[in-house]
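One structure is given here, and the rest of the page talks about it.
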Amino acid sequence: MRWSHPDGFEADDDPARIDVDVVHGFLSTAYWSPGVPREVVARSISGSLNVAVYAPAGELVAFARAVTDRATFAWIADVFVLPDYRGHGLGKFVVTCLVDHPELKGLRRMMLATKDAHELYRQYGFNELPDLTTMMVIRRDPTELYSGQ
């Protein structure tokens, strides 16, 4: 599925079109996944519903993915816009394309984690969890996890 942005950018959910090197290049330095190996990024893309945004010349400039069963739940992850392309509304564009994707309609729960984009995600109905005592997590430090790979 493809979507058009007024500034000539295009979003696409075709995983074959994704430049894994660009996604890996960004994610390997992101605060949530420092040092992530390329093969881990490639596996994460293959197991997700992805939306990438492409500049008019065709290069990947923004990305987001949903880890989902496409029936009840989705976890929104790895949302980014490359620094040179910020200021065009591409963050909103990629998130809108993903959360409004037909394969994510009717889900009971959609979640994400963010350190710095709360106001962006509130526009889509995301809020802090009302009762953190119902949520549990196993956390592994990406620096330690990927240091031997």
Side-chain angles (χ1 to χ4, degrees), residues 1-6 9-55 59-82 85-86 88-147 149:
M1 175 171 248
R2 292 185 179 184
W3 302 262
S4 296
H5 185 275
F9 295 91
E10 177 182 69
D12 192 347
D13 66 356
D14 180 0
R17 189 174 174 192
I18 295 169
D19 186 335
V20 177
D21 290 329
V22 172
V23 177
H24 173 251
F26 185 89
L27 294 179
S28 66
T29 63
Y31 73 80
W32 63 89
S33 56
V36 63
R38 186 186 186 285
E39 60 272 13
V40 170
V41 172
R43 269 197 340 259
S44 72
I45 290 169
S46 70
S48 299
L49 175 62
N50 309 282
V51 173
V53 176
Y54 300 91
E59 67 271 25
L60 188 149
V61 299
F63 179 81
R65 67 187 183 94
V67 181
T68 182
D69 62 6
R70 292 171 167 86
T72 63
F73 178 80
W75 178 268
I76 306 303
D78 297 337
V79 179
F80 70 85
V81 176
L82 293 178
Y85 293 91
R86 294 177 184 164
H88 295 278
L90 299 180
K92 289 181 183 179
F93 182 53
V94 73
V95 171
T96 297
C97 294
L98 187 59
V99 300
D100 290 345
H101 196 286
E103 293 189 42
L104 299 183
K105 291 295 181 197
L107 301 182
R108 288 195 309 262
R109 183 166 297 166
M110 195 176 292
M111 298 179 73
L112 58 81
T114 185
K115 192 185 269 189
D116 56 5
H118 295 77
E119 294 311 311
L120 168 67
Y121 295 115
R122 279 187 221 289
Q123 297 173 39
Y124 299 94
F126 288 94
N127 291 295
E128 286 81 4
L129 290 168
D131 182 4
L132 294 178
T133 64
T134 65
M135 302 301 295
M136 297 180 76
V137 65
I138 294 174
R139 295 187 68 137
R140 295 186 175 101
D141 183 320
T143 307
E144 293 176 21
L145 187 62
Y146 304 134
S147 64
Q149 295 186 17

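Heavy atoms only: backbone and side chains are in, while hydrogens, waters and symmetry mates are out.
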Check: Looking at Ala62 and Val81, what are the two nearest heavy atoms and their distance?
Finding: CB-CG2, 3.9 Å

Check: In Å, rounded to the nearest 0.5 Å, how long is the span from CD of Glu103 to CG of Leu98?
Finding: 10.5 Å

Note to self: Tell me whether Tyr124 contacts the main-chain N or O of Asp100 through its side chain, where contact means a donor paired with an acceptor under 3.5 Å.
What the structure shows: no

Notebook entry, point to check: Between CE of Met135 and CG of Leu129, what distance do you get to the nearest 0.5 Å?
Noted result: 5.5 Å

Item checked: Val20 and Arg38: CA distance, side-chain angles, deciding distance, side-chain contact (heavy atoms from CB on, under 4.5 Å) verdict -> CA-CA 8 Å; Val20 177; Arg38 186 186 186 285; 3.6 Å; yes

Next item on the list: Could you tell me the separation between the CG atom of Asn50 and the NE2 atom of His101, rounded to the nearest 0.5 Å?
Entry: 9.5 Å

Notebook entry, point to check: Side-chain contact, heavy-atom cut-off 4.5 Å: Arg70 with Leu49?
Noted result: yes

Notebook entry, point to check: Which atom names give the shortest non-hydrogen contact between Asn127 and Gly125, and what distance separates them?
Noted result: ND2-O, 3.3 Å

Item checked: OG-OH distance between Ser28 and Tyr146, expressed to the nearest 0.5 angstrom -> 11.0 Å

Check: Roughly how far apart are Glu10 CD and Phe93 CZ, rounded to 0.5 Å?
Finding: 8.0 Å

Next item on the list: Among Val22, Ile45, Leu90, Val51, find the one that has a side chain to side chain contact (heavy atoms under 4.5 Å, CB included) with Phe63.
Entry: Ile45

Item checked: Side-chain donor-acceptor contact under 3.5 Å, Asp131 with Thr134 -> no

Item checked: Exercise: do Trp32 and Asp78 side chains pair donor with acceptor under 3.5 Å -> yes

Next item on the list: Please test Leu60 against Ile18 for side-chain contact (heavy atoms from CB on, under 4.5 Å), starting from the C-alpha separation and ending with a verdict.
Entry: CA-CA 7 Å; Leu60 188 149; Ile18 295 169; 4.0 Å; yes

Note to self: Less than 3.5 Å apart, any donor N or O on the side chain of Asp141 or Thr143 sitting next to an acceptor on the other?
What the structure shows: yes

Check: What is the minimum heavy-atom distance between Tyr85 and Glu59, and which atoms define it?
Finding: OH-OE2, 2.9 Å

Check: What class does the angle between the rings of Tyr121 and Phe126 fall in, given that below 30° is parallel, 30 to 60° is tilted and above 60° is perpendicular?
Finding: perpendicular

Check: For the residue pair Met1 and Pro102, what are the closest heavy atoms and their distance?
Finding: SD-CD, 3.5 Å

Notebook entry, point to check: Which pairs with one or both residues in residues 104-116 pass side-chain hydrogen bond (donor to acceptor under 3.5 Å, both in side chains), sequence neighbours excluded?
Noted result: none

Margin query: Ignoring hydrogens, what is the shortest heavy-atom contact between Leu104 and Ala74? Give both atom names and the distance.
Written below: CD2-CB, 4.2 Å

Margin query: Does the plane of the ring in Phe9 sit parallel, tilted or perpendicular to the ring in His88? Use 30° and 60° as the thresholds.
Written below: tilted

Margin query: Main chain of Val36, side chain of His24: is a donor-acceptor contact present, judged purely on distance under 3.5 Å?
Written below: yes

Notebook entry, point to check: Where is the tightest heavy-atom contact between Ser48 and Arg65, given as atom of each residue plus distance?
Noted result: OG-NH1, 2.7 Å

Check: So how far is it from Met110 CE to Ile76 CD1, rounded to the nearest 0.5 Å?
Finding: 5.0 Å

